[in-house]
Every structure is written in structure tokens, then in C-alpha cells.
Amino acid sequence: MQFLQVMQQFSAAQSDQVQIEVPAGWGQGRALFGGMAAALAAQHLLNGPVSAADIRSLTVSFVAPLEPGMATVSRRILRQGKSVTQALVEIEQQGQVALVLLASFGVARESKLDLPLLPELQHNSISQHRGWQMPAAPGVPEFTQHIDFMLDAGAWPYSGGSQRVLAGRNRLKAHQSEAGLPELLALIDAWWPVSLGLLPQPAPASSLTWTLELLPGWTGFNGEEFWSYAAEIEQGADGYHLISSRLWNPAGALVGLSRQVVTVFA
């Protein structure tokens, strides 16, 4: 099932709680790929009384594995003020909460403070690209068959690399001319944790939490174009790695700041 087909399960006419089918073919081990899980929650949220253009921050907690089959997705507005709205989405499966998404929306306001991006956060284009199509082999997540990758820097998963950084570009294979927040979440989370490139052989790893802040310029993008991504491990010990990353739109403008806590069982 292609990405767009999965999202078409949701409708603006639906109630705050809906039943959906978690798709097969988007797995990462025994669980659903985290970017797709977050996209499911985001799609249901955006069909409610909120505007995607006003989204400022998302925090996703991966509570339990989502597996192919039926699941319940529910949303609620926690508070709606004059400028800021806070909303919550939960995905449940077999009586267990599997994912919680907390979203913050803020309408643009006139402000005396207008601070440009710091120089170190500007897009640093890399001229040499190494295209990569993940092979359909044991240990390779099945969801990667839906993604086009262009690797710029860093190591392949389980290649025993030494760099604590990862950079590249990607897009959905079945891209559509207009794309939005669910597609963006899938693209960001499609990149493997930098930690996996340091391991010499396969080992389990998964995201514990994921926080994403969005800047102006992410909306209304063309799904045919590649988005740039760069990540680094800030600290790693005791089986938990703190990873920060940045996302640029096809025009080279910084549009996203991301942080993950990744559990590494090695």
C-alpha cells in the first residue's frame, strides 16, 4: 500500500476517534516504521479543527510497537487560546497505547524581536552525492522500499563506521505533486539513527522519544523533490543515544530542528 493510500483512510468528516488499518509493507522489524506511525497520528490531527500552517512543535512518544491490523486513533484539543493551541493524539492497538503525539500550534503574531538563523544552522550543500537503494535483504527494514535515498556523509547501518554524523537527501518513491506534514514526518524518520552506522553488525535499536520543531517554509512542498537532512550524536551511553538533526527544504532553507532519544541494544 502506497503512502497516499494509507493516509486516505482518514476523512475530515470523521469523529475524534476512528478505526484504521495499520498497513503491512511498512515494517521496521516486527513493528510499524516510526515515521509512518507518527504520520498516521498527524493525519488524523490535521483533519480536526487545527491548521497545519500554524504548527510549531511535535513531540512523539513511541510507547509500544504498532503491528499490521486494526487500531484506534483518537484526538482531542487540550487547550485553545487566542494564539496557541495544544492537541493530543493517541493510537491504541489491542487495548494498549502504542503512540502518543503532542502538538503545539501558534498563529503568527507581530513581534519586536526578529532574529535570523545563526550561521552554523545555514544549509551547507555537499556537491558529491552517493545514491543508495537499500537491498531487500534480511535485517533491512521493509519500509525502505518506499524511500529514495541520496547519502552525502556518514556510514551505512552496521558498517562499523567512526563518524558521529549522517547527512543526505530523500523523498518518497510514490511521490505526489502536493505533500504535507504526514509525508514530512515519514521522510525525517526514514533516516536510520546515526548510531547504527557505528555498529559492526546488526543489533536492535528504536526511538524512545522524538521532538520536532518546524520553521516557516515547510508547507506546500513538492513531493518530487529531495529534502536534505543532517544529524549527529550529541552523547551516547548506557544504551541511550541523544541525536540532534536538521532538515532543509529543496530550496536550501532550514525548516526543521529535531531531537531523538534512541535506545540501542548493543
Side-chain angles (χ1 to χ4, degrees), residues 3 6-7 22 26-46 52 55-66 71 73 75 78 86-93 96-105 121 141 143-144 146-147 149 154 157 164-168 170 172 180-197 204-215 218 227-236 238-248 254-265:
F3 190 91
V6 178
M7 295 301 118
V22 176
W26 284 88
Q28 186 172 12
R30 68 186 182 93
L32 183 72
F33 155 52
M36 172 61 82
L40 290 172
Q43 185 64 61
H44 186 47
L45 176 62
L46 295 179
I55 195 161
R56 302 291 172 175
S57 175
L58 291 171
T59 299
V60 182
S61 183
F62 299 98
V63 181
L66 262 177
V73 188
R75 69 188 175 212
L78 301 178
Q86 302 274 7
L88 179 74
V89 181
E90 290 184 338
I91 301 181
E92 294 187 19
Q93 192 174 57
Q96 165 74 55
V97 174
L99 180 143
V100 177
L101 181 149
L102 179 65
S104 299
F105 298 81
L121 293 182
F143 79 84
T144 58
H146 301 284
I147 311 290
F149 292 96
R164 292 170 54 164
V165 299
L166 175 68
N170 68 353
L172 289 169
L181 181 63
E183 290 85 355
L184 193 61
L185 293 176
L187 289 179
I188 298 172
D189 200 50
W191 292 102
W192 55 96
V194 187
S195 315
L196 298 189
S206 61
S207 295
L208 180 63
T209 61
W210 176 22
T211 301
L212 173 66
E213 282 94 31
L214 292 172
L215 286 66
W218 72 267
W227 286 61
S228 299
Y229 173 88
E232 63 180 349
I233 301 174
E234 293 184 339
Q235 188 270 346
D238 303 320
Y240 298 90
H241 290 193
L242 307 181
I243 299 176
S244 65
S245 59
R246 299 180 292 280
L247 181 75
W248 294 267
L254 181 70
V255 295
L257 301 173
S258 173
R259 287 182 62 84
Q260 280 182 294
V261 177
V262 175
T263 57
V264 181
F265 299 91

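Keep in mind that the numbers below use all heavy atoms, side chains included, and drop hydrogens, waters and symmetry copies.
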Seminar exercise, completed: In this structure, CG of Leu102 is separated from CD of Glu90 (nearest 0.5 Å) by 11.0 Å

Exercise. Which residues pass the side chain to side chain contact (heavy atoms under 4.5 Å, CB included) test with Ala39, sequence neighbours left out?
Worked result: Phe3, Met7, Pro182

Exercise. Would you say Leu181 and Leu45 make side-chain contact, with heavy atoms under 4.5 Å?
Worked result: no

Exercise. Would Trp191 and Ile243 satisfy side-chain contact (heavy atoms from CB on, under 4.5 Å), going step by step from the backbone distance to the final call?
Worked result: CA-CA 12 Å; Trp191 292 102; Ile243 299 176; over 6 Å; no

Problem set entry | Spacing of Leu214 atom CG and Leu185 atom CG [to the nearest 0.5 Å] | 7.5 Å

For this session: Give, for atom OG1 of Thr211 and atom CD of Gln260, the distance between the pair rounded to the nearest 0.5 Å.
Result: 9.5 Å

Seminar exercise, completed: When rounded to the nearest 0.5 Å, the distance separating CD1 of Ile188 from CZ of Arg246 is 13.0 Å

Seminar exercise, completed: Sequence neighbours excluded, the answer for side-chain hydrogen bond (donor to acceptor under 3.5 Å, both in side chains) partners of Thr59 is none

For this session: Output the distance between atom OG (Ser245) and atom CD (Glu234), rounded to the nearest 0.5 Å.
Result: 9.5 Å

Problem set entry | CA sep, side-chain torsions, deciding dist, call: Val60, Asp189, side-chain contact (heavy atoms from CB on, under 4.5 Å) | CA-CA 11 Å; Val60 182; Asp189 200 50; over 6 Å; no

For this session: Kindly give the heavy-atom pair with the smallest separation between Leu66 and Ala71, and that separation in Å.
Result: CD2-CB, 4.4 Å

Seminar exercise, completed: ring pair (Phe, Tyr, Trp, His ring centres under 6.0 Å) filter on Trp218, not counting sequence neighbours, yields none

Problem set entry | For Glu183, all residues meeting side-chain hydrogen bond (donor to acceptor under 3.5 Å, both in side chains), sequence neighbours excluded | Gln176

Exercise. What heavy-atom pair brings Gln28 and Gly34 nearest, and what distance separates the two atoms?
Worked result: OE1-N, 3.8 Å

Problem set entry | Separation between CG of Leu247 and OH of Tyr229, rounded to the nearest 0.5 Å | 9.0 Å

For this session: Report the residues that fulfil side chain to side chain contact (heavy atoms under 4.5 Å, CB included) with Ala41, sequence neighbours left out, ordered by chain and then residue number.
Result: Val89, Ile91, Leu99, Leu101

For this session: Mind listing the closest non-hydrogen atom pair of Trp248 and Ala230 along with its distance?
Result: CZ3-CB, 3.7 Å

Exercise. Taking only residues two or more places apart in sequence, or in another chain, which ones meet Val261 in a side chain to side chain contact (heavy atoms under 4.5 Å, CB included)?
Worked result: Leu208, Thr209, Tyr240, Leu242

Exercise. Which atom names give the shortest non-hydrogen contact between Ala98 and Pro65, and what distance separates them?
Worked result: CB-O, 4.4 Å

Problem set entry | Heavy-atom pair of closest approach, residues Leu187 and Asn170 | O-ND2, 2.9 Å

Seminar exercise, completed: What one should report as the nearest heavy-atom pair of Val194 and Glu232 is CG2-N, 4.3 Å

